[in-house]
Amino acid sequence: MGATMNLLQRLLARNKNKPDRRFEVVNAANETTIYIYDAIVGNEADAEWWGGVAADTFVKTIAAIKDDVIHVRINSPGGDVFAARAMETALRQHKAKVIVHIDGLAASAASYLALAGDEINICDGGFFMIHRAWTMAYGNADDLGKTVELLTKIDDSLADSYVKATGQDKQQIIDWMAAETWISADEAVALGFAHKKSEPAAKAQAWDLSAFSNAPQPSVSDVVDPVDPIDPVDPPSDNTIDDPRDDEMNARLGAKLRGF
């Protein structure tokens, strides 16, 4: 029997079989380049199930780098809020100069990970996206009330991070988050999310962004994946997907908060 997937699970499931996902570390001439061309997940077990860059793997990778410059190349639809915070912290605490290159998309959790850069470049045609945190929850009124309280704190923390990075008014940031705002490359530079524009990457993964409300619409050829058992072109309107994996997905993640 199929189960209802929350929006984070839906995003991860719909991109699980994308062909060009990439987490790679390249060392050259006293500089390290890290490719985050994937979603962000909490740990290696989640990465094994969903794919994605695991926070624990990333943090260990950063800690082992001895170079003075780290280039972080991002094309990510987002992921786990706490995982991205851990990754962001690892970058901010490293002694190296961190240069971020948004090679396509820094959406949701990937947006504040990108802001960890001392220098932030966004390719022509690239996007930031910010929104309020998501989660799944169950229980009585007290349980759900605690979840609302926690989500409110997460949103406030994210808004503070965006304000610190951009200098924008906090209420304006809150409004943009509530509206799920997609910020183009030109807008990102003008609003302080990035320092300058750059040339597009040679190849950037086209993500299935149907879990989001206001995402730019790709062409059908970009989103159809013949090996994906979930049809991304005509998703069920109630987010219910009849997939035998759903019950196991919910069992694995049911006890975890996943805002992003």
Find out whether [X] and [Y] are in side-chain contact, i.e. whether some heavy atom of one side chain is under 4.5 Å from a heavy atom of the other.
X      : Y      : value
Ile34  : Phe23  : yes
Ile122 : Val189 : yes
Ile154 : Val81  : yes
Met177 : Leu158 : yes
Val98  : His71  : no
Glu187 : Phe127 : no
Lys197 : Cys123 : no

Please determine whether side-chain contact (heavy atoms from CB on, under 4.5 Å) holds for the pair Phe128 and Ser184, giving the CA-CA distance in whole Å, both sets of side-chain angles, and the decisive distance to 0.1 Å. CA-CA 7 Å; Phe128 271 86; Ser184 70; over 6 Å; no

Would Asn214 and His131 count as a side-chain contact (heavy atoms from CB on, under 4.5 Å) if you check the C-alpha gap in whole Å, the side-chain angles of each, and the deciding distance to 0.1 Å? CA-CA 10 Å; Asn214 303 323; His131 70 155; over 6 Å; no

For residues Trp182 and Phe212, establish whether the separation of their ring centroids is below 6.0 Å.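 Under 6.0 Å, so yes.
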
Does Lys164 reach the main-chain N or O of Ala159 with its side chain, forming a donor-acceptor pair under 3.5 Å?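 Not at all, since once roles are kept as given, no pair shorter than 3.5 Å links the two residues.
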
Whether Lys95 and Asp68 form a salt bridge (side-chain N of Lys/Arg under 4.0 Å from carboxylate O of Asp/Glu) is what I want to check.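 A salt bridge links Asp68 with Lys95.
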
Using 4.0 Å as the upper bound for N to carboxylate O, is an ion pair formed by Asp38 and Arg21?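 Answer for the salt bridge query: yes.
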
Applying side chain to side chain donor-acceptor pair (under 3.5 Å), run through Tyr37 and Asp103 and close with a yes or a no. CA-CA 9 Å; Tyr37 281 18; Asp103 290 339; 2.5 Å; yes

Please list, chain by chain and in numerical order, all residues satisfying side-chain hydrogen bond (donor to acceptor under 3.5 Å, both in side chains) with Thr32, sequence neighbours excluded.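 With sequence neighbours excluded, Thr32 shows a side-chain hydrogen bond (donor to acceptor under 3.5 Å, both in side chains) to Asn27, Asp67, given in chain and number order.
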
Within a 6.0 Å radius of atom [atom1] on [X], are there more than 12 heavy atoms belonging to other residues, nucleotides or ligands?
X      : atom1 : value
Lys146 : NZ    : no
Asn30  : CG    : no
Glu199 : CD    : no

Begin with the C-alpha distance, continue with both residues' side-chain angles, and end with the deciding distance and a verdict on side-chain contact (heavy atoms from CB on, under 4.5 Å) for Lys18 and Asp208. CA-CA 9 Å; Lys18 288 293 184 180; Asp208 182 333; 4.3 Å; yes

Cluster link Val100 to Tyr35, ILVMFWY, side chain under 4.5 Å: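 Each belongs to a different hydrophobic cluster.
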
Under the 4.5 Å side-chain heavy-atom rule for ILVMFWY, direct or indirect, which residues accompany Val69?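 Besides Val69, the hydrophobic cluster comprises Ile99, listed by chain and residue number.
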
As a quick check of understanding, evaluate salt bridge (Lys or Arg N to Asp or Glu O under 4.0 Å) for Asp156 and Lys170, giving each step before the final call. CA-CA 9 Å; Asp156 190 62; Lys170 185 171 182 178; 2.6 Å; yes

Criterion side-chain contact (heavy atoms from CB on, under 4.5 Å) on Leu8 and Arg10, from CA distance to verdict: CA-CA 5 Å; Leu8 175 55; Arg10 184 179 179 186; over 6 Å; no

